[in-house]
Amino acid sequence: MANFFKKLFPPKRSAARDVPTVPRNAANLPSEATTAPLNEEQLEEMAQAFNRVEPPQLVVGVGRDQGRQRDNNEDAIFAQTATVSTSKATLPMGIFIVADGMGGHENGHLASDLAVRSMSTYLTQRLHHPLFGIDPEPPQDSLQEIMRQGVRLAHEAITQGAPGGGTTLTAVLVMNTQMTVAHVGDTRAYAIYMDGRVQTLTRDHSLVKRLEELGQITAEEAAVHPQKSMLYRALGQGEPVEADVFTASMPEPGYLLICSDGLWGVVPEDELFHIIASAPNPHTACQNLIEAANNHGGPDNITAILVRLVD
Amino acid sequence: MALTDPITRKLGADEPSGPGNQLRAGDTLMDRYQIQEIIGSGGMGTVYRARDTHFQAIRLVAIKEMISNIADPLVRKNINGIYERESNILATLRHQSIPRIYDYHTHNDRAYLVMEYVNGRDLDDILAETTTFFPEEQILNWAVELCDVLQYLHEHKPEPIIFRDMKPSNIMINQQNHIVLVDFGIAKVFESGTKNTMVGTQGYSPPDQYRGEATPAVDLYALGASLHHLLTLRDPRLEAPFSFAERPIKDINPNVSPEMIAVVEKALQYSPDDRFKTAAEMKQALLGVAQRTGTLIHSGFISQTSGSSAPSRGVKSLWVFECEDEIRGTPLFNGGTLYVGCYDHNLYALDAANGEFKWKYATDGGIPGRPAFYEGNIYIGSEDQRLHVISARSGSVVWTYFSDGPIRSSPRIAEGHAFVGSDDGYLHAVNVATGRASWKVETGAAIRSTAWVSQEYAYFGNEAGELLCANFRGEVKWRFKAKRAITSSPIIGPEAVYVGSQDGTLYAIDPNSGWVLWRFRLGKATISSPTLSDNLLFIGAADNVLYCVDSRTAKEVWRFTAEHQISGSPIVYKDFVYCGSVDGHLYCLEMRTGRQKWAFATEGPITGSPAANEDIIYIGSTDKKVYALLA
């Protein structure tokens, strides 16, 4: 299987620049989640989809759903992409944020809303001129510093605007093939590669995950642990909040998935992969992911952002 | 006055302070240290936790109070003298596992030693509480750290320091799970005047100590005894002396590896001659256990691993070749031959197997760079302003290319071109087929940084502090400006371009835009070039430190302190980092922990980088020699 994919996606870029990139038989693809291995036709679709595109651009899908058992939605989402392609430079970029307000806290939905808005406001302010301005100059601060400061401001916004409220926050700034990730809580960012690898980029700040890391409980026990959503780090809760900030490469060929525990805690990883790999485009994939979580009972709010760099 | 009456009391200042009277919370000692609580007491006196009121920020200290009951003032004065001398020695010690001594004071029958407060618990307490065996890995990590501190003490100059009372109650485990030795010999010096007290503790002390010997072997036995206690949970104080052989570890705790048992048993040999000769040797044996059992040794001294001036432990050179002047550059291994440039103007070709001279090629200037090999030829820059291309087989010239300044960077060959920076301020792209420049980029400042060429772009620094990205048409795509010169050579990883600057920063730069992804502050300027392995970046700096930094999070993983600047560039070979220092040593460190495996002393500063091939490390030194060492 891996070899087959290697053949399909050779590291050297395909010379077929002129081949249209719209999947030919998009309508034939199953719209529902499937866990069956991909058939030849689907694989060919994907190969087509990963042919070279000029200029490189980010393709995004988002999904946000209350689930079946909650009567409100405390998840919040922000997705923005831009493409600049001029004689001077070509740049696909995007800002993607998921926040999951904490159920046990009043103001949970306010906290996630504030987190997403203050983070996105800060990032767009700091990056607008350097990216899109006339005669742009790189920002003085490093991208990691900017992300860290954004998290700090989001934390302050919550302590002032939604006291008592708490939220997770996972924000990814994509520039070209480069990702800068800021993360607090148990929302996750995944790198999903077309060879079937599903790699968790973030580390949950949850007590159960910590117990698992320490070898006190197994991954299986963690998955069904009654306190699996207890966080030891969240925005709006305690001082100081220190985000995990790191740099990573956009999975190529593959996807960036950011999702709340209403998705990853419910739908197994191999199923995530198959849903994403078999969908004709990211927004369909997101709807299918939500459907899958609901089919598993939909115990929590479900939120997902799926990003693919096509170039 | 504080000096004559060290204790001032907020309340009840008129209380007598005879023996047996302890200080109380709120008392102030020496007009400075505010007592908070008693954290230990024994026959000799009391240990207090106190706050140092000289600092605005809360600094806690431990104060050890020793009370002598010697009536004779002359003897007491004498003892105070010994005590003072010992305090002075202790105050000079610097090791992660030894609490710092801040102050001492004697007053009548009392002596006070003010030292670093260690927030932790001693192993005796931990042992008393545990109901299950400790994991071997844990004990191994502690043991390695204990050997490290014993090695430091035993190698102390001019006199070795023998701890003499190694036992669990003298070993603290701090909040970071590292060991700290407490209760130094100082107390015994004070005590020994009173009666013929045996120094050491029954159960942990070896037979030779009862004969009054104080040698390194004494400490190693007591360490072995402490390890036996930790592994078996059998308190040797409750057993007959020297009876460890009757309590084989494997009978009590079947989980302990035979390798570990062998080390402990060797340390516990009845005769000192049969034990480890030095703490270094025992540490090496423990690291060997870690290697064989696949145990991860956590970097014990994350911030303080330090180069030791100890002789090159167990490392001998396979061969040495001497040139006529300093070697400041880096050798290249290719096809069984070692090529190295020298300040005697020659490029030498040596048989890598035995160091035998093959040929030399004379330029008209010093050679500071690293040769490159391409299609049977060797490329090397010289301070004679030329790029020389020499037949690798015969050593005869193929062609030379003139720049307008000394060439101090190293050539990089890619896409049919040799890319080389010169002090003339240009990066030259020289066609290897014609020997002529296809293009050159003017940067306005000398280029001593070696270009990294990747995917149609060349990345290089200059002395004006710029990092430039140029395409293969010679057009500058972006330039990033640091605050001081970039002499360091950039490398490209999956996420970023990494480069050091003389502004004391390690930068991660987005290869596409030239934007800074993160910055990492070094203690001082650097001209060392980073190297990358498994998301770990290694770079040296003028603050004598070799840093290991996570390339994704920009967090320090460990640091290693040499005795002088690290201006050469580290290399990674088979999970070890090799790096030379101006202190003359080539260090071999475990890549993930920074622990020193060995250090090899040359007779001059090392400014170049090593080369590695087939488990052999090659290094040139300003002592004019090239060394081949077993990795």
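Within a 6.0 Å radius of CD in B:E456, no more than 12 heavy atoms belonging to other residues, nucleotides or ligands are found. Atom NZ of B:K524 is surrounded by 12 or fewer heavy atoms from other residues, nucleotides or ligands within 6.0 Å. Residue-environment remark: CD (B:E475) exceeds the threshold of 12 foreign heavy atoms within 6.0 Å. Residue-environment remark: CD (B:E415) stays at or below the threshold of 12 foreign heavy atoms within 6.0 Å.
Annotation for A:Q144 and B:T553: closest pair OE1-O, 3.6 Å, computed over non-hydrogen atoms.
For the pair B:N512 and A:M175, the minimum side-chain heavy-atom distance is 4.5 Å or more.
For residues 482-506 of chain B, heavy-atom neighbours of chain A at less than 4.5 Å comprise B:P494, B:E495, sorted by residue number. Contacts of residues 513-522 of chain B with chain A at a heavy-atom distance below 4.5 Å involve B:S513, B:W515, B:V516, B:L517, B:W518, B:R519, listed in sequence order.
Contacts between B:K477 and chain A at a heavy-atom distance below 4.5 Å are absent for every atom of the residue. Interface residue A:T180: only side-chain heavy atoms are found under 4.5 Å from chain B. Using a 4.5 Å cut-off between heavy atoms, A:L131 touches chain B through backbone and side chain atoms alike.
Rounding to the nearest 0.5 Å gives a distance of 12.0 Å between CG of B:D510 and OG of A:S142.
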